[in-house]
Amino acid sequence: MASKAEIERVIAQARGVEDNPFNLGTRGYWAFQDSMFGRFIAARPRRLHELRGLMASTGGTELDGSPESLGPLGEWLAVPVMAGGNWNDGLDWLPVWTRISGNERPSPGGLGLAEYYRLLEMVGFYFADVVISQLPGSKWVCWRRERFNFSRTGEFLVDMGTFPVPSAPLDAVGNSLASIFRTLLDHSDPDYEASRERTLRSEFDRQVSYRLEWEAEGRPLDFQAAPTRDGAGVNRGPYKGSRIKAKIDQRRGYG
């Protein structure tokens with residue numbers, strides 16, 4: 001896990017284009033994102049402990065790591081959503097993957113942004129544990145793509161072996177929170193009908209079914225080769241072995 005000093009050193013040394021941690025796809029960018037990813041993964045045991053403590057203190061059920069437990073957990077998410085701005089989780093950290101700029105959209109139910117982001121991380125880790133337990137080989141990664149301008153590049157996702165489609169635990173939690181809020185807001189609004197179905201369990205079923213269908217079709221699993229190395233996402237996809245990709249790699253500093 002990278003220390004704060006190491007991360008600051010990466011930023012301080014970002015003099016040229018290839019070393020700039022804020023320039024998508026450069027070596028400096030990957031060094032910075034991988035440092036953040038190391039801190040993110042290291043926090044997992046603590047986040048799961050905090051989640052269980054919150055549920056125990058607010059009437060939630062015990063979590064046994066099974067897909068069935070996502071139902072009660074998803075129902076418990078209504079507790080903070082209904083509390084809205086009055087929700088107090090007693091915590092004082094922010095996920096390493098977020099930056100609060102002041103321009104964010106309101107969170108569901110008026111939850112404070114810090115509280116909302118903490119819910120995404122705590123519940124996201126649990127959701128990912130359930131996915132990983134059901135799909136052998138799956139793991140958290142700092143996501144790479146064969147082209148750096150593709151969406152999700154550098155995000156923290158679970159590689160299910162179904163490249164280029166990963167499992168997105170943080171998205172699953174966010175969708176569930178939004179669905180709960182919309183249902184509580186107005187049961188009769190047809191525009192929100194589909195959103196009511198985006199529970200934690202339905203998100204799990206949707207993401208896992210993609211992998212199961214992939215395997216049923218006899219397609220080989222394709223996992224990210226090296227989640228903490230510059231070239232982890234290259235040599236994949238339509239640019240594999242092409243001259244264009246080779247030029248892109250050379251410009252990016254991979255060859």
Q) Passes ring-ring contact (aromatic ring centres under 6.0 Å, His included), Phe40 versus Phe125? Steps please. A) CA-CA 10 Å; Phe40 170 73; Phe125 271 126; 4.6 Å; yes
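Nearest approach of Gly65 to Tyr126, heavy atoms of both residues: N-OH, 2.7 Å. Residue Gly124 comes nearest to Leu170 through the heavy atom pair CA-CD2, 4.3 Å, listed as atom of the first residue, atom of the second, then distance. Summarising the geometry of Gln33 relative to Cys142, their closest heavy-atom pair is CB-SG, 3.7 Å, with the distance given to 0.1 Å. Closest heavy-atom contact between Ser69 and Ser66: OG-O, 2.5 Å. Nearest approach of Glu121 to Pro95, heavy atoms of both residues: OE1-CB, 3.1 Å. When every heavy atom of Val165 is checked against every heavy atom of Thr162, the shortest pair comes out as O-OG1, 2.6 Å.
Not one N or O on the side chain of Arg39 forms a donor-acceptor pair closer than 3.5 Å with the backbone of Val96. Side chain of Trp214 to main chain of Ser209: no donor-acceptor pair is present (N/O by atom type, distance under 3.5 Å, no hydrogens or angles). In terms of modelled atom types and a separation under 3.5 Å, the side chain of Tyr117 and the main chain of Leu94 share no donor-acceptor contact.
Taking CD from Glu62 and CG from Leu73, the interatomic distance works out to 13.5 Å, rounded to the nearest 0.5 Å. With rounding to the nearest 0.5 Å, the separation of CG in Asp222 from CG in Asp159 is 7.5 Å. Between atom CZ of residue Arg198 and atom CG of residue Asn175 there is a gap of 4.0 Å, rounded to the nearest 0.5 Å. To the nearest 0.5 Å, the span separating CG on Leu91 from CG on Leu54 amounts to 5.5 Å. Distance CG/Leu120 to CG/Leu177: 6.5 Å, rounded to 0.5 Å. Interatomic distance, Leu70 CG to Glu203 CD, rounded to the nearest 0.5 Å: 11.0 Å.
Applying the side chain to side chain contact (heavy atoms under 4.5 Å, CB included) rule to Ile132 yields the partners Ser138, Trp140, Val158; only residues at least two apart in sequence or on another chain are considered. Listed by chain and number, the residues in a side chain to side chain contact (heavy atoms under 4.5 Å, CB included) with Asp129 are Arg44, Leu48 (sequence neighbours excluded). Under the side chain to side chain contact (heavy atoms under 4.5 Å, CB included) criterion, Asn88 pairs with no residue, sequence neighbours left out. Residues passing the side chain to side chain contact (heavy atoms under 4.5 Å, CB included) test with Glu75, sequence neighbours excluded: none. With sequence neighbours left out, Phe127 forms a ring-ring contact (aromatic ring centres under 6.0 Å, His included) with no residue at all.
Contact check for Arg47 versus Arg118: no side-chain heavy atoms found under the 4.5 Å cut-off. Annotation: side chain of Val123 is in contact with side chain of Leu200 (closest heavy-atom distance under 4.5 Å). Here the side chains of Tyr210 and Val208 are not in contact, with every heavy-atom distance at 4.5 Å or above. Proximity of Pro166 to Met160: side-chain heavy atoms (C-beta onward) are nowhere separated by under 4.5 Å.
Looking at Arg211 and Glu215, a side-chain N of the basic residue comes within less than 4.0 Å of a carboxylate O on the acidic one, giving a salt bridge.
Counting only N and O atoms by type, the side chains of Trp76 and Thr58 include a donor and acceptor under 3.5 Å apart. For the residue pair Ser176 / Ser179, no side-chain donor-acceptor distance below 3.5 Å is found, with atom types taken as modelled.
Using bins of under 30°, 30° to 60° and over 60° for the plane-to-plane angle, the ring pair Trp143/Phe163 lands in the tilted bin.
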Only distances under 3.5 Å count here; give the side-chain donor-acceptor pairs of residues 77-86 to other protein atoms, sequence neighbours excluded, each with its distance to 0.1 Å.
none

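For Phe32 and Phe37, the ring centers sit 6.0 Å or farther from each other.
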